[in-house]
Amino acid sequence: MAKYKKIKVPKTGTKITVEKDKIVVPDDPIIPFIEGDGIGPDIWKATQMVLDAAVEKAYKGTKKIIWMEIFAGDKAVKVYGKNQWLPKETVQAIKDYVVAIKGPLTTPIGGGIRSLNVTLRQKLDLFACVRPVKYYPGTPSPVKRPQDLNVVIFRENTEDVYAGIEFKANTKAAKELIELLSTKYKKHIRSGSGIGIKPISKFGTERLVKKAIEYAIEYGRKSVTLVHKGNIMKFTEGAFKDWGYQAAKKYFPNKIVTEADLWDKYDGKLPEGKILIKDRIADSIFQQVLLRPTEYEILATPNLNGDFLSDACAAQVGGLGIAPGSNMSYHYGLFEATHGTAPKYAGMDKVNPGSLILSGVMMLEYLGWKKAGTMVENSMKRTIKSKVVTYDFARQMKGAKKVKCSQFAKELVKNMK
């Protein structure tokens with residue numbers, strides 16, 4: 001077992017390993033968790049209760065998750081000392097144990113780490129942010145037919161604006177860059193501007209699109225849409241589109257059909273067993289997911305487009321309180337609540353734990369424990385439909401019974417079948 005300064009490794013349990021490019025999951029995997037800040041401890045406690053119950057009920061004691069706490073955010077500072085927001089051994093533990101889950105984290109104010117979430121993604125090369133968005137019947141929604149939206153967003157996690165390459169206005173570096181662009185490349189930038197650089201690479205695009213198509217194959221999805229603003233940013237977002245199509249043809253030549261070929265060769269009818277690869281301009285897709293959501297199943301996007309689109313889609317089906325997510329590398333999987341820390345509700349046992357619980361469902365599916373994941377998801381449907389919900393939903397649902405975070409978790413366990 002690995003040696004850590006503050007992390008207590010369980011005496012029982014077995015590591016997840018990687019063999020022949022696949023994760024190998026024992027019946028008693030050790031899975032690191034980060035409680036999170038603010039409401040994190042409340043929603044983590046609820047999530048752990050639900051996941052443990054689902055695994056027990058689904059596998060009758062033959063499988064069990066062995067939890068191992070690791071630290072980031074406020075709790076890491078308490079455990080490790082001043083400015084230790086993200087200890088090195090936390091990152092190492094995720095590498096050692098392959099799969100982990102976390103609550104929301106506070107971004108430290110001032111210098112140092114720009115964002116703990118971004119830093120984790122960069123240090124672990126978690127290049128794909130995966131966000132499934134679908135409707136659970138009875139959930140309050142601002143749209144007429146929220147059930148028509150069922151998409152999975154694959155957002156590139158390491159490039160674009162998340163690369164964090166910025167130069168503050170009027171600094172020496174910004175002035176030198178403005179001068180270089182003006183004199184050598186004839187690109188005019190107003191003096192006194194702050195500057196951000198937006199890198200998008202063929203390497204980063206290919207591996208994201210490949211992962212999106214692999215997901216489509218595994219889960220029987222019929223289309224993957226490349227989302228970009230290539231009509232304006234031709235050499236970054238336009239390149240994302242072109243490299244995306246190239247990756248699809250390179251890795252899945254017998255599995256995919258492009259939208260152009262769909263009409264030129266197949267009279268607009270997708271052949272059985274094929275996946276349609278198409279693309280849409282970023283501003284257009286925001287309209288499309290509202291007006292024609294059934295036409296889209298998987299969206300692959302550069303970072304900023306995916307950031308906006310994930311939250312906009314989540315709003316259609318009930319908001320971030322019930323929106324799951326994960327950050328993936330080739331093998332590492334870090335599953336997380338997609339909302340913030342909501343510090344004003346910390347310790348009140350009040351908020352909706354749905355985002356983290358459903359992220360746990362994604363984790364169970366990644367482990368290959370789909371029976372347990374399905375059990376949680378079906379229980380979520382039954383519980384929301386019965387109108388036993390936390391305050392955020394109760395205030396929007398006529399005749400709802402408002403319950404605490406922990407009570408909602410207990411209701412989910414009760415409704416598992």
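Only this structure's heavy atoms are used, side chains among them; waters, hydrogens and symmetry mates stay out.
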Determine, for [X] against [Y], whether the closest basic-nitrogen to carboxylate-oxygen distance falls under 4.0 angstrom.
X: Asp160; Y: Lys198; answer: yes
X: Lys102; Y: Glu336; answer: yes
X: Glu411; Y: Lys414; answer: yes
X: Lys63; Y: Glu56; answer: no
X: Glu214; Y: Arg207; answer: no
X: Glu218; Y: Lys370; answer: yes

Report, as yes or no, whether the 6.0 Å neighbourhood of atom [atom1] on [X] holds more than 12 heavy atoms from other residues, nucleotides or ligands.
X: Lys387; atom1: NZ; value: yes
X: Lys381; atom1: NZ; value: yes
X: Tyr391; atom1: OH; value: yes

>> The criterion is side chain to side chain contact (heavy atoms under 4.5 Å, CB included); which residues satisfy it with Thr338, sequence neighbours excluded?
In response: Arg131, Leu320, Ala323, Ser355

> Residues two or more places apart in sequence or in another chain: which of them pass side chain to side chain contact (heavy atoms under 4.5 Å, CB included) with Glu159?
Replying inline: Glu156, Ile200, Ser201

> Parallel, tilted or perpendicular for Trp44 and Phe33, by the 30°/60° rule?
Replying inline: parallel

> When rounded to the nearest 0.5 angstrom, what is the spacing between CG in Asn415 and OG in Ser379?
Replying inline: 4.5 Å

> Do Val99 and Pro29 have side chains that get closer than 4.5 Å, going by heavy atoms?
Replying inline: no

> Looking at Ala337 and Ser359, what are the two nearest heavy atoms and their distance?
Replying inline: N-OG, 4.1 Å

>> Between Gln407 (side chain only) and Lys404 (backbone N and O only), is there a donor and an acceptor less than 3.5 Å apart?
In response: yes

